[in-house]
Number of protein chains: 4
Amino acid sequence: MDSKPGTVHDVKAQVSDEALVAKRRGQIIASAVELFSHQGFYRTTIQDVAKKAGVSAGLIYQYVTDKEDVLLLALLSVLESYKQEIPAALEGLSDPLERFVAAIRAYCRVVDQRREATVLAYRSTKSLPDDRRQLIKDCEIETNGMIAACLANCIKAGLMRDVNVELVTYQLVTFAHSWALKHWRLKELCDLEQYIAEGLDFFAQALLTPKGRRQWEALSTTTIC
Amino acid sequence: MDSKPGTVHDVKAQVSDEALVAKRRGQIIASAVELFSHQGFYRTTIQDVAKKAGVSAGLIYQYVTDKEDVLLLALLSVLESYKQEIPAALEGLSDPLERFVAAIRAYCRVVDQRREATVLAYRSTKSLPDDRRQLIKDCEIETNGMIAACLANCIKAGLMRDVNVELVTYQLVTFAHSWALKHWRLKELCDLEQYIAEGLDFFAQALLTPKGRRQWEALSTTTIC
Amino acid sequence: MDSKPGTVHDVKAQVSDEALVAKRRGQIIASAVELFSHQGFYRTTIQDVAKKAGVSAGLIYQYVTDKEDVLLLALLSVLESYKQEIPAALEGLSDPLERFVAAIRAYCRVVDQRREATVLAYRSTKSLPDDRRQLIKDCEIETNGMIAACLANCIKAGLMRDVNVELVTYQLVTFAHSWALKHWRLKELCDLEQYIAEGLDFFAQALLTPKGRRQWEALSTTTIC
Amino acid sequence: MDSKPGTVHDVKAQVSDEALVAKRRGQIIASAVELFSHQGFYRTTIQDVAKKAGVSAGLIYQYVTDKEDVLLLALLSVLESYKQEIPAALEGLSDPLERFVAAIRAYCRVVDQRREATVLAYRSTKSLPDDRRQLIKDCEIETNGMIAACLANCIKAGLMRDVNVELVTYQLVTFAHSWALKHWRLKELCDLEQYIAEGLDFFAQALLTPKGRRQWEALSTTTIC
DNA sequence: TATGAATGAGTGTTCATTCAT
DNA sequence: CATGAATGAACACTCATTCAT
């Protein structure tokens, strides 16, 4: 119920009614993500965002201090959606390998759903002043932590080699992001599920121990995907 | 002598003396890459570029039609440097695995040398209008082709599994780019050479056939890396 | 009970309860004088005034038609305080010279008490549209009239030379105002009472007849000032 | 030849050609003084100033950093004109009383010539940020110094009483300013020369010693004024 | 060729004012 | 009566681009 640091709630509004703030920010962010993703941050004017959100330009400044704040809010909303999807996908799963696969798959799918927004994050994080950019980095590190935990679990269970967890996590994360970043080309090579399948296979080869490999085969035959 | 597609020569200058054009563009591009990399495209003014290049603002428009042209030129100069480094690194090598390793290593090193510029490419390509962006994509595809060729060679020689070459190429390329994109975090985990070593090991595990693996071991013991 | 010209009552309110109107306007004007004096009229927003007055911005517009009306009200309240202090200081005095001295002294003291507000009046009267500015001028003329009357009395009594009453009145008024307008410098030269004493001495020299001069000496020795 | 502190030259231009800077600033300041005087600083837009000056809005920002800088420049130009007129009027005069009279008269005349601008100075100095306002104060102090010197000379020559020079200087200065500040009323009482004459008579009465008075009479009969 | 002064359209932001509740 | 969220016109300032020299 409390607003945690590094979340959307950090940006202070001049309006006190919390429900209204949530609603308005929702409108603003949705429009902003859409427009920033397509036209870029600098080519999008606040008036554009306002018009698309169906509000006046002045209103935006009651919920945000800066145009840059709109960007921050937009980026955080994207990263936050990552942070929500992954735990949801892991719910009920206990097998390390299953959790690993579910996490990667969930990540890739949310990237796919928010493809433009993911590209936005890559393009525009550097447009933020240092302090606000830090919020983004913190959020990214947190998400990565979820992937890293799945990986570490597999290693602890003797299913994967003892690799540098954080480095490999970056490989995994980057693999998911690439679906958005290079979609203009990748979409001609395969669809999302094939991309995930190929990727998982690739990572399996790279990471699994013989023991892990046996479980993996079992998993592959029982799971329909 | 002919202007090839996807190269610097596509942007038309108002000045006829080719040597002068090359010199002036050199000045302009160098300043632009520097400034765009640090402050971003939109935060950098043409006057900034002019001042840093030691020329007048008006002069720039005799060698370029647009501010966007400056960006295009800057990005192409970065991508071109990739295209030059890789063949140079492969020169004299004939063993498929050696060529593969050399290509990856060369790529990572150029990325490291032009880290800011690499980030710039990610941030700013979308700031170009579609037609000019295509030039960038073409250039990227060409570079990827070099990596892909090395990979394909290894497969043909039975040293690597028969994976989807283009997909895996993207993994390799992305791995190199990540050094720049995530440098703020990666630099705290390892230095460039460790990053390359870990990566090569990872890809080896993922790709090598038993035969390839034997050669790889041999390679690892003979080569100091 | 009737609204007199040149007073606060000219500005029409949308609220009928007169007592409430007086109370609300009191709040608003007090905040406005304070804020306008310190930050100036244009740098002060209606929201600032509302917040300081502890009311909502909307409420102000039920007691005022304009932001300019708030300024008018504020200025009038300042000038009105002049108009009240001077007669109060003269009460019970009948000697022309004593009344003259008392009037000047009272004027200087109100100016001192409302120093910022006096400066405000100088700065901001011109910000009013002509018709409203006229109200201010009327008010100022009325106050000047009190000083002028004291001066005229001294002349009629043969205590002062037969000068142009209105012109000298302006000198006297200006002398009082200067304490506020040039306070940044004057405060380093003397305190208020010294300022008054020096001024009175100066005006005495300039105005008194030989007869007046004798009375003045007498006054000076009996009165502690 | 060097730019002295506290003068117009303090505001830095982006244009290097000094003659051009002088010319452009002349245009800008002239328009600004005119417009600020009539409509006030806040009611005047930079576009207004630009249009009246016959230049583009953007141009102004090559010669000025701020709208506030335009105000500073305008105010300084007014105060500077005071500083020039007074010494010019004193040239060739050596008699202390003559110099005193000439100084006051010159001051009043320049105030009359730049009546609106003088009012502007009173209204708008407080609109400047503290550091820039200091420049104005410095300039004012300098001008006052000229008057004060004339006054001090008369005292030293035994022509005037030994009053507090700086305080009386403020009275003299304020007298001149009042012609502008209260012109709406004063112009109905007398014209400028009468105003000056009455004022000089008043100050003479207040300040002259018997010796000074004798010289004054002589002066009055010989000088046509 | 090169310069750099000039342009003016474009945009983030503010704030007086309104009005539904 | 009072509130305060919403509006939208207004304005300072920037900067890509031009063009006379």
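Note on naming: letters A, B, ... go to the chains in the order of the sequence lines (proteins, then strands), and numbering restarts at 1 for each one.
The partner of F/dA20 is E/dT3, judged by Watson-Crick or G-U wobble contacts that both fall below 3.5 Å.
A/Arg132 places no side-chain N or O within 3.5 Å of a backbone atom of A/Leu72 that could act as its donor or acceptor partner. Side chain of D/Asp17 to main chain of D/Leu20: a donor-acceptor pair is present (N/O by atom type, distance under 3.5 Å, no hydrogens or angles).
Taking 4.0 Å as the cut-off between side-chain N and carboxylate O, D/Asp48 and D/Lys51 do not count as a salt-bridged pair. A salt bridge does not link A/Glu116 to A/Arg123: none of the charged nitrogens lies less than 4.0 Å from a carboxylate oxygen.
Among the atoms of the strands shown, none is found under 4.0 Å from any heavy atom of D/Asp17. C/Leu20 comes within 4.0 angstrom of sugar-phosphate atoms only, judged by non-hydrogen atoms across all strands, and of no base. In this structure, B/Ser16 reaches the sugar-phosphate backbone alone: every heavy-atom distance under 4.0 Å involves primed, P, OP1 or OP2 atoms, never a base. Within 4.0 Å of C/Arg24, counting heavy atoms only, lie sugar-phosphate atoms of the nucleic acid but no base atom. Using a 4.0 Å heavy-atom cutoff across all strands shown, A/Thr44 reaches sugar-phosphate atoms only and no base atom. Using a 4.0 Å heavy-atom criterion, one finds that B/Gln62 contacts the bases of the nucleic acid, with or without backbone contacts as well. When heavy atoms are screened at a 4.0 angstrom cut-off, A/Leu59 is found touching base atoms of the nucleic acid.
Taking 3.5 Å as the limit, the base of F/dA5 and the side chain of A/Gln14 contain no donor-acceptor pair of atoms between them.
Side chain of D/Val15, nearest nucleotide from E/dA5, E/dA2, E/dA16: E/dA5. The side chain of C/Tyr63 approaches F/dA2 more closely than any other nucleotide in the set F/dA2, E/dT17, F/dA16. Minimum atom distance to the side chain of D/Val55 is reached by E/dT7, of the listed F/dT17, E/dT13, E/dT7.
Remark: A/Tyr61 is not in phosphate contact with E/dT14, judged by side-chain N or O atoms under 4.0 Å from OP1 or OP2. C/Ser56 has no side-chain polar atom (N or O) that falls below the 4.0 Å cut-off from OP1 or OP2 of F/dG4.
Geometrically, B/Lys67 engages B/Phe41 in a cation-pi contact, judged by NZ or CZ lying under 6.0 Å from the ring centre and within 45° of the ring axis.
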